[in-house]
Amino acid sequence: MEYRPSDIEQKWRNWWKEHQTYKVEDHPDKPKYYILDMFPYPSGAGLHVGHPLGYIATDILARYKRMRGFNVLHPMGYDSFGLPAEQYAIQTGIHPAISTEQNIVRYREQLDNIGFSFDWSREVRTSDAAFYKWTQWIFMQLFNHYYDSAANKAMPVSDLVKRFAQSGNAGIKAVCDDDTPNFSAAEWNAMSEREQLLLLLKYRLTYPGEAYVNWCPALGSVLSNDEVKDGVSERGGHRVERKLMNQWNMRITAYADRLIEGLDGIDWPDSIKEQQRNWIGRSVGASVRFAVDGHDQAFIEVFTTRVDTIYGATFMVLAPEHELVEQLTTDKQRTEVDAYTRWAASRSEIDRMAETKKVTGVFTGAYAINPFNGERIPIWIADYVLAGYGTGAVMAVPSGDQRDWNFATQFKLPIVPILDAQKDLDQAADPTKEGRYINSDMINGMPYAEAVPTLITWLEQNGLGKGKTQYKLRNAVFSRQRYWGEPVPAYWVDDVPRLIEESDLPLVLPNIDKYLPTETGEPPLGRAEGWNYKGHQYELSTMPGWAGSSWYFYRYMDPHNDGEFCSRPAINYWQQVDFYLGGAEHAVGHLLYSRFWNHFLYDLGLVPHREFARKLVNQGMIQGRSNFVYRAKEQFFEEYLMIKVLKPFFADMGPMVIAEPDYEEEFQYDFAFEANDLVIEVTSWRQEEKIARVYKSALADGKRLMVLFTEELIDHINEPDVTAGKIRAALQSREKYIASTEKPVCEQLFVSENLLYKYHPDAFTKLHVDVNLVDADILNLEKARTQPMFEKANFKLDPKGHYTCSYEVEKMSKSKYNVVNPDDIVAEHGADCFRMFEMFLGPITDAKPWNTQGISGVSGFLKKFWGLFFNGSGAFSVSDEDLTKEELRVLHTCIKKVTDDIERMSMNTCVSHFMIATNELRRLNTSKRAALEPLVIMLAPFGPHTAEELWHQLGHDTTVCDAAWPVYNEEYLKTDTVNYPIQINGKLRATIELPSDVTAHDAEQAALALEMVQKWMEGKPARKVVFVPGRMINVVV
RNA sequence: GCCCGGGUGGUGGAAUGGUAGACACGCAGGACUUAAAAUCCUGUGGCCGUUGAGGUCGUAUGGGUUCGAGUCCCAUUCCGGGCACCA
């Protein structure tokens, strides 16, 4: 019988479904093992080949653990709220719930075809009201709790209220806003309810507050940094500004220390732990208040980790958004400061952080007073100081900090050394802490360790500052001005948020007519009719993508519970995730937020562990190979005209007078070619205003104007002669204004990648093109023209008539149009082959570009393995004979290696061990049950369909999933002799066959006796002989 | 820019500090075939040499630790991921 996956795979998938093979029940008497994959966002592009990489690995582990006697929970669901569905809804008007449902159906089909052992009865979807009811419920718990620093845990706000009423907030150690005032019990009790509620917001673990966002006025929406390119929106190229908006926040900073400490107790990759530590960015230092000269009420608070350098602070820098900038700026400096502030507002945070070469900034005209020596230091603003980090102000110490040094050097500000150990301050800053302080008044002569406490004590005694621990971690913005997310279960009364009753959960997302912000700039939910609670308007923003994914792993334990997010018995049995697998790109997003929520739920006694996942493994990303096309900008046509049309044209016409355009002319006419009083302007058909303006200038100058539309240049891009003809005619004509009246056919030009070198790089926009339209980097023009992107396009082809695309290896994603689906491969080679091929690609932790060359190796292996069970005439034929010593060695080597390698998630080497065993058994002509049955069992996690078929052919009638994993016997692995390599001074020179139980002494003697060894020792005595039993012998001379 | 990974034949990759290149792909040669496909066999890191010798270089680059380094340490370089509203 030939191996034909299509004959067996569907059959067994049906059988598993019928027999509920993968249904998981809680068995308190059985050891449990909870294996979790990061659930996918159901994108419109379908499941891509990167998704299953992790799912296959965990599926293998899950099936393996089951065979080792564990009750395994390996569930799957969908992170089904998200921006792409909303954008699709904006474009098409289709409700995100509908497109999401369609995408899920597709995902499910694709997942089913791969033969996973998921228990689908436990599926969760974050966009189901039955699920987000509990996301909202957790939000409400966060609102109702504050972080008590004394108890080091979350406590009910109702307790806080009682304590306020009794003794005010003086004795309360809690995490709260920096600007929380001190008040007595009497003051508290005298407050109105509204005042009290506003004050409590400063303590709650989730609260509305101001935060900076990328605001795009033209689109009327907030954009992610990702959606902002070069200061304008990626879609549409509209202006984007940094704007303060009232947003819900999560007080994750309350848990900063616990989130750092918790990392020590979990088996997560060091790189993830390190990234989280850096993200939280705990730094110990001091905050210092600087008075401002001439402004009695204004103080600038700075945080520094190097308070010891304070006498070297020769200026101060504020973020352009700093609230005092407006007030401090002197009239003389105002124009300059305003211009700089506007410019800075147009830059994204990433741009600002990335820019280090160019130092920019302006002087405000104001001076701060150094609290230690009363010195006046100038206050500047510069965008390397970020408003969102710390206080948005830094004291600049150019002798110790490189960025400050650069700034000081650029703007000629003084650089004062403060330690006698600092060197070469004319070359660079020296951040050393060595030596003794100089120029530093009260700490002169002290070392670092003494100086810091001296200064902090002084600050605290004088009320000018204090020792402080600062975190880079900011409270997490929790509002999204979007539709497709969980509604926030809160409503507003007199600008104070209140929660709805728990009994009114879930607060179901309402339908709206359009998925866009309202005309007044409110989020889409502002369009919902009757969106209010007992007459008060609901919160209009929705929750971010990470809300549902921060706790979903508990829902799988008890997915249909309507009374609790998870029942007590279920959580007591399943406890926590034993093995979590997913991409490292979630290192500081999902994985940190989930830990935060879990610590909170732990404080409330709702979950048994502080950490939700005991072990985490990162799956490497399967990267896509993206292709790019180049769309010409207007500038391109000017260059094209010069190079392709005018140059040959001049050669034709002989010498001719061309005016050198001066600066002003260039401004009036972008493309200022002028000959015989004719000016040529290149612009788009649509730029009526510009054309009118240029025509007016031309008239005023007494010149004639010819307008060449970019669209007509596009039409004739491959025939420059046509344009040359037009110009020739224009030169001879006496008309004042010459422009084509033909309607353009093409509106965009795409230039082949191998022609780009002729033009200025800025003349093109590089755009992703769907890889399905490209074959070996050549764009399929016929297919391309069917796409909206190229509907009105012309292509400038290379001399071979090809449009060549450039390529890059990057993340596989719908937005990069480089998604490859597994479907075709599964259909062609079968699911088992696909599963094993993905594993065979390499370690799951490595990133690698997708590439199907090599799949025939796995496909051939499955055929050979299958072939072991069938005789020459194609009949199933397995004997019951005993195994020979060699067959035993082959089998048990394979058992040992595969078992060890699954345990360390090295699935790629497992596949090669199967190949080796199969090749060996073929060589030995083995068709004995005693060898093949254990192999079928071991193959089952990898190729479940094939294994199930062979298992049943071997005469079993229950599933192979419940077979016991084979155990290897060390006895069979032993060999009588070992082939020892012999090194002379670390270089391999000979080998020698020695008994496997040889003593060190005998081995040395045998090695030294060898002729080759003697030759390489060149008569010198052996100074030392290193003998590693079973490994090697090294002779040192 | 900052943080985190990674760099091994033509390709994917293997290698608890102990014979670098397992297992595959590809390629070359051969067998079977009228032919092709499929299948099977042999070879396959570079260089020098050889007729069944052997030598030498080699794990991004340059240093270091060690009897011994792809593996550990330092520096450089290139590539990938993250950088707070993509998920």
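Values reported hereafter were calculated over all heavy atoms of this structure, with side chains retained and with hydrogens, waters and symmetry mates removed. Computed from a predicted model, the values in this text were never measured in an experiment. Lettering follows sequence order; numbering is per chain, from 1.
Nucleotides U11(B) and G45(B), compared at atom P, are 13 Å apart to the nearest Å. G1(B) sits 28 Å from U59(B) when the P atoms are compared, rounded to a whole Å. G64(B) and C41(B) have their P atoms separated by 48 Å, given to the nearest Å.
Within the nucleic acid shown, Pro843(A) comes within 4.0 Å of sugar-phosphate atoms alone, with no base atom in reach, counting heavy atoms only. Residue contacts shown for Gly82(A) are limited to sugar-phosphate atoms, with no base heavy atom under 4.0 Å away. Nucleic acid contact class of Gln247(A) (heavy atoms, under 4.0 Å, all strands): base. Residue Asp79(A) is in sugar-phosphate contact alone, with no base atom involved, counting any heavy-atom pair closer than 4.0 Å across all strands shown. Within the 4.0 angstrom heavy-atom criterion, no nucleotide atom of any strand lies near Arg277(A). Among the heavy atoms of the strands lying under 4.0 Å from Met915(A) are primed sugar atoms or P, OP1, OP2 only; no base atom is included. Using a 4.0 Å heavy-atom criterion, one finds that Trp279(A) contacts the bases of the nucleic acid, with or without backbone contacts as well. Within the 4.0 angstrom heavy-atom criterion, only backbone atoms of the sugar-phosphate kind lie near Trp1016(A); the bases stay farther away. Nucleic acid contact class of Phe840(A) (heavy atoms, under 4.0 Å, all strands): base. Nucleic acid contact for Thr845(A): none, since no nucleic acid atom lies under 4.0 Å from a heavy atom of the residue. Gln983(A) comes within contact range of at least one nucleobase, with a heavy-atom separation under 4.0 Å. Lys1015(A) comes within contact range of no nucleotide atom at all, as no heavy-atom separation falls under 4.0 Å.
You won't find any donor-acceptor pair under 3.5 Å spanning the side chain of Arg1023(A) and the base of C67(B), going by distance alone. For C3(B), its base never sits under 3.5 Å from the side chain of Asn278(A) at any donor and acceptor pair. Side-chain N/O atoms of Gln275(A) and base N/O atoms of C2(B) include no donor-acceptor pair closer than 3.5 Å.
With the nearest nucleotide of RNA chain B identified for both Val1036(A) and His913(A), His913(A) has the one nearer the 5' end. When each of Ile855(A) and Gly842(A) is assigned the nucleotide of RNA chain B bearing its nearest heavy atom, the one mapping closer to the 5' terminus is Gly842(A).
Taking CZ from Phe81(A) and CD from Glu86(A), the interatomic distance works out to 10.5 Å, rounded to the nearest 0.5 Å.
The side chain of Ser856(A) sits closest to C25(B) out of C85(B), A15(B), C25(B). Residue Lys1024(A) places its side chain closer to C67(B) than to any other of C67(B), G12(B), U19(B).
In this structure, Arg474(A) does not reach the A84(B) phosphate: none of its side-chain N or O atoms is under 4.0 Å from OP1 or OP2. For the OP1/OP2 pair of U56(B) and a distance below 4.0 Å, the side-chain nitrogens and oxygens of Arg989(A) include at least one atom meeting the criterion. Between Arg922(A) and the phosphate of C40(B), there is a side-chain N or O to OP1/OP2 separation shorter than 4.0 Å. Within the structure, a side-chain polar atom (N or O) of Asn908(A) is placed less than 4.0 Å from OP1 or OP2 of A14(B). OP1 or OP2 of A24(B) lies within a sub-4.0 Å distance of a side-chain N or O belonging to Asn919(A).
Salt-bridge annotation for Asp900(A) and Arg904(A): absent, with no side-chain N of the basic residue lying under 4.0 Å from a carboxylate O of the acidic one.
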